Structure formats: C-alpha cells, structure tokens
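These notes are about the structure you will find just below.
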Amino acid sequence: MADGQGTDSDFHRIFGIETEYGLSLTGTSAPYAAGRVAMAMFRPLIEQHGSTNIYLSNGARLYLDVGSHPEYATAEARGPLTALTQVLAGERIMTNLAEGARKRLAEDLGRPVKVHVFANNVDAQGHAFGCHENYLLDRRVPLDMIGACLVPFLVTRQLITGAGRLSPDGFQLSQRADFLDEGVSSATTRARPMVNTRDEPLADPERWRRLHVIVGDTNRSPLATWFKMASTHLVLNLIEQACRQGRRPDLADWALADPGAAVRAVSRDRTGRVTLDLQASTKTGGISALGLQEAYWSACKALVDQQEDIGIDRFQALRALELWRAALDALDAGRWQDLADWVDWAAKLRLLQGLSRRGAGRDLDEALDLDYHDLSAGRSFPGLVRHGLMRSPVDDSEIRHAMDQPPEDTRARLRGNFVRAADRGTRTWSCDWSHLVLGGSRRVEVALPDPFDHLGQPRYHSLMDFLKSAAEPGA
C-alpha cells in the first residue's frame, strides 16, 4: 500500500469538516449588520491577500460564505483525531480574527464592543447554517445504500452528538433536525437533505466519491466532534465491506420510512424511546431510536473484533466503541446526566436546569443557550473546561501546532508547504484543494489529484525548488 492509498480490502479514508459560524456585535447604540462584522474580521486577510477566500499554511480553507458566515474547512486528515485537531485550530483562528475585529471596531466606533462568533446552527431569525462532515467513500457504494444504511444511523446519532437547542417546542437534542427534509438528495434550496449527493470527490472519480454529510450539529465538545467522525467511519466500513463483496448490507434492514419525520421525532425525545417506522414490512411496529443505535453498535463491535485493518488507529476504534456503549447504557437507564462531561446537549441541559433552580426566566435560558456556542465572548462553555467538566482527547499544544502546520500524511502537507513558501515570495499565487498555481511570466500549475499523497510528484518538487531559490538573497 503506497502513501496510504487504500487497497480493495481496507477502509482507509479522508476526513474533513466544514464549519459555518454566526456573527454579531454588541455594545453599540444601534444594530450592527453581521456583514460589517465579517468584513472587520477579514480586513487583515483582504489587505494581505486581496480576497476573503484563502488557503492557509495548515492546509485548511478560510472564507466568507453566503450570508456573511465565516467558514473554515479543515485540511484533509487520515483520521478523526487529526481532523478534530484541525477543527479546534480553526476555532482558535476564528477567535483571533474576532479579537482583531473587536479592537478595530471599538476604535472606529469610539466605545467598547464585543464580537460574538457562534459555533451553532440556528440564528435568532430562524435561519439555519451548517457543520458539514466529509468522508472519502468507495465509489462502489451506491447512493441508495447510503440512504438505507447510513441515514438511520445519522438520524439517531443525535442521541449522543446533538448540540442541544431551546426551540419553541421546548428543549431539543439537535439544532439541525427541524431544518432537514430528506435522507439523500442533491437539493439545497427546495429541500434540505441529510446527505448531499453532489459529486465532487476531489480525488480519482473512478475510485472515490466524497460523502457530504450535512445533518450534524456543530459541537462544542471536542470529544463529541471526534466521536461522530470515528463512529461514522465504522458504519461506513460496514457498508463498504458489503458492497465490495457484492452483497446487500445487513444494515439495509433498518431503512427508515420517513427520515425527515424521524429526525425531528428523535430530537424531541432525549430518552431514545420514540418509535421510528421502517421501510421493511417484516419489521412491524418499528424500532426505537435507542434500539437502532444498539443495532449499529453491535454491528460495529463485531467488525472491529473480526477485522484487523479498520482504517484508523485501533485504540481510537476501541475508544469510540467504549464511549458509545457507555452512552447507550446511560440513556437506557435514564442517567443522561452521566454524559454531561462530553455530550453537548447533556452539558447544556445541566446548565439550564441549574439556572432554573435559581429561578431564572426564559430570557436567561435563551441567553445561556446562545452563550454556550459563543467562541469569542462566551463564558459558559469555557467555564466547564476551566473546572474540568468537559473532556477533550487533544491538548493545547497540539491545537497551537495545527494552527499553522498541516497534517503530515495527506496532500494537505504539500498544499500547506506551498502556501508557506509562496507567501514569502513576490509572485502571485493561488491554490485550491487539488491544484497549486504560481503566476507571473512563468506560470506553473501543479495538480494534486491524490488526497493520500503526502510526498509529492517530481513536478511538485520542481515548483518548491523554484520557490526556494527565488526566496534566497540575491536570487
């Protein structure tokens, strides 16, 4: 197996997360548009690069999306732990930009202000924005198998990975659930699917597709972010294994009759007892959300026990199964409070119940609900971390490293090194996920078609040698 490129029998994968952030400014005498806050945040990047769409030396992409949402897309990662570290590095980068904007806006406005960056999925006007997971998937897996086998897992996964939300209907597990309509679709405007089928693999299209999962919430808990990627990877392994062997996956027995109705029903029942209707006529009476998660856990446990190569570090797979088992046991016993040190909705609900015991009203509850997601000015989530009440599988030094260093085992290493070298030069340059371009009188373009390639082909090294020589004194 060369450069991490998978064989027909293994489950090697590329992971990535795109996170859209909400913005607001407080401390002003009149409302201040989110777009103006966004431009204040991106002002130094515009001055340096002439654009609000840039790639960074850590291999990630940072840009302004539609609706003045800053978005950070992680560099390609070979495992969920590396992807998580990139996510947390993106949060630090975003908070640094917010702090710079706060200082500039305070000076411009002549008064103290606060810039709020929200890692959530719903604003005060009811607009939804996303946290999109990306998984490189074997092309032999048909999309109807994703709808039948993966969507039921994603719908019920919110029992563990939901971020929690105070909605008009009361407390819900998920912020995204009320805004999703279909299981698998290419639609983005008339209906919102849980898995978007746009075919943009950013890899060999004969071999891979990029699975674009948009049902998930933006998690503040690092362990929840890691778990949702690790567990989803294991479920995808089950689907890929069956499709490679030319058989129908056993998981297809759990296909949901109405994924949209199911995701909303699960979000409203933190016990996991709500019954979900299935497509299969043999499964009369349906199955509970908790029962579905039990079925997926059992299938993934059997896979890890039987399969030597599972595509990620074995310790991570076993840790995911251990966390998963403990969460299901706690939910089954009605002990959701046991999950409050890593499951976001449980942590938030515990805080809200604490407020309620002190006689707080709805306004304070809503303020806390939003504050939990505030990266730059929030107090509730940092308070949990400070008091050791929120677990994380990575430490601060790893996050700081990932802010300017790319993963070493994917093509992000090649892109990040190019960005760092090109930034020191005088020639124009650009790049995207699979191309590097050096402008000027001698325009050079290098394709990076393989996301697993971290060593680079001769043409890439020639480009880097040219950049190095051009940067040397007297060149």
Side-chain angles (χ1 to χ4, degrees), residues 16-20 65-67 69 120-123 126-137 139 141-163 165 167 169 172-201 209-218 228-229 231-232 235-236 238-240 243 248-249 251-269 274-281 283 286-289 292-293 295-296:
I17 289 187
E18 308 163 45
T19 307
E20 297 174 337
D65 201 4
V66 177
H69 288 291
N120 67 343
N121 304 108
V122 188
D123 66 18
H127 302 128
F129 39 100
C131 175
H132 300 171
E133 301 157 57
N134 293 282
Y135 302 93
L136 203 64
L137 182 71
R139 176 64 72 168
V141 176
L143 289 174
D144 62 341
M145 284 298 101
I146 293 300
C149 303
L150 181 66
V151 167
F153 166 74
L154 297 175
V155 163
T156 54
R157 184 185 68 171
Q158 61 181 300
L159 286 169
I160 304 173
T161 62
R165 177 191 173 207
S167 77
D169 295 335
Q172 292 191 39
L173 301 182
S174 169
Q175 299 211 337
R176 293 283 286 161
D178 280 1
F179 300 90
L180 299 165
D181 307 289
E182 303 179 32
V184 179
S185 170
S186 61
T188 57
T189 54
R190 64 172 176 81
R192 286 185 174 175
M194 299 167 201
V195 177
N196 188 283
T197 59
R198 69 181 186 192
D199 197 1
E200 189 183 10
R209 71 168 75 249
R210 180 167 61 97
L211 193 68
H212 197 58
V213 175
I214 61 179
V215 66
D217 290 351
T218 304
K228 73 182 176 186
M229 288 186 283
S231 57
T232 302
V235 174
L236 290 175
L238 289 166
I239 300 169
E240 286 174 324
C243 292
R248 177 179 179 271
L251 299 180
D253 290 341
W254 306 112
L256 295 170
D258 187 341
V263 76
R264 290 185 286 276
V266 175
S267 184
R268 287 164 168 77
D269 177 29
V274 63
T275 299
L276 307 178
D277 294 330
L278 303 177
Q279 287 182 7
S281 58
K283 304 288 184 181
I287 188 173
S288 72
L292 260 180
Q293 279 291 301
Y296 279 98

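Positions are given from 1 along the sequence. All of these numbers come straight from a predicted model, not from anything done at the bench.
- In terms of modelled atom types and a separation under 3.5 Å, the side chain of Lys228 and the main chain of Asp217 share a donor-acceptor contact.
- With Asn196 contributing its side chain and Val184 its backbone, the two residues share no donor-acceptor pair below 3.5 Å.
- Tyr296 meets the ring pair (Phe, Tyr, Trp, His ring centres under 6.0 Å) test with Phe153; sequence neighbours excluded.
- Between the side chain of Arg176 and the backbone N or O of Ile214 there is at least one donor-acceptor pair closer than 3.5 Å.
- Under the side chain to side chain contact (heavy atoms under 4.5 Å, CB included) criterion, Ala257 pairs with Asp277, not counting sequence neighbours.
- A heavy-atom distance below 4.5 Å is not found between the side chains of Asp253 and Leu278.
- Scanning for salt bridge (charged side-chain N to carboxylate O under 4.0 Å, His left out) contacts around Glu20 gives an empty result, with sequence neighbours left out.
- Applying the side chain to side chain donor-acceptor pair (under 3.5 Å) rule to Asp144 yields no partners; only residues at least two apart in sequence or on another chain are considered.
- Listed by chain and number, the residues in a salt bridge (charged side-chain N to carboxylate O under 4.0 Å, His left out) with Arg210 are Glu18, Glu200 (sequence neighbours excluded).
- With sequence neighbours left out, Asn120 forms a side chain to side chain donor-acceptor pair (under 3.5 Å) with no residue at all.
- Every side chain to side chain contact (heavy atoms under 4.5 Å, CB included) that Ala177 has, sequence neighbours left out, goes to Gln158, Ser174, Val263, Ser267.
- Here the side chains of Val195 and Val215 are not in contact, with every heavy-atom distance at 4.5 Å or above.
- Between the Gln279 side chain and the Ala255 main chain, no donor and acceptor come within less than 3.5 Å of each other.
- In this structure Thr156 satisfies the side chain to side chain donor-acceptor pair (under 3.5 Å) test together with Gln293, sequence neighbours excluded.
- Judged as a ring pair (Phe, Tyr, Trp, His ring centres under 6.0 Å), and not counting sequence neighbours, the contacts of Phe129 are His69.
- Evaluation of the side chain to side chain contact (heavy atoms under 4.5 Å, CB included) rule for Asp269 yields Thr271, Arg273, Val274 as partners, not counting sequence neighbours.
- Applying the salt bridge (Lys or Arg N to Asp or Glu O under 4.0 Å) test to every pair with at least one member in residues 126-136, sequence neighbours left out, gives these pairs: Glu133-Arg157.
- For Arg268, the side chain to side chain contact (heavy atoms under 4.5 Å, CB included) partners are Asp169, Gln172, Asp178, Arg264, not counting sequence neighbours.
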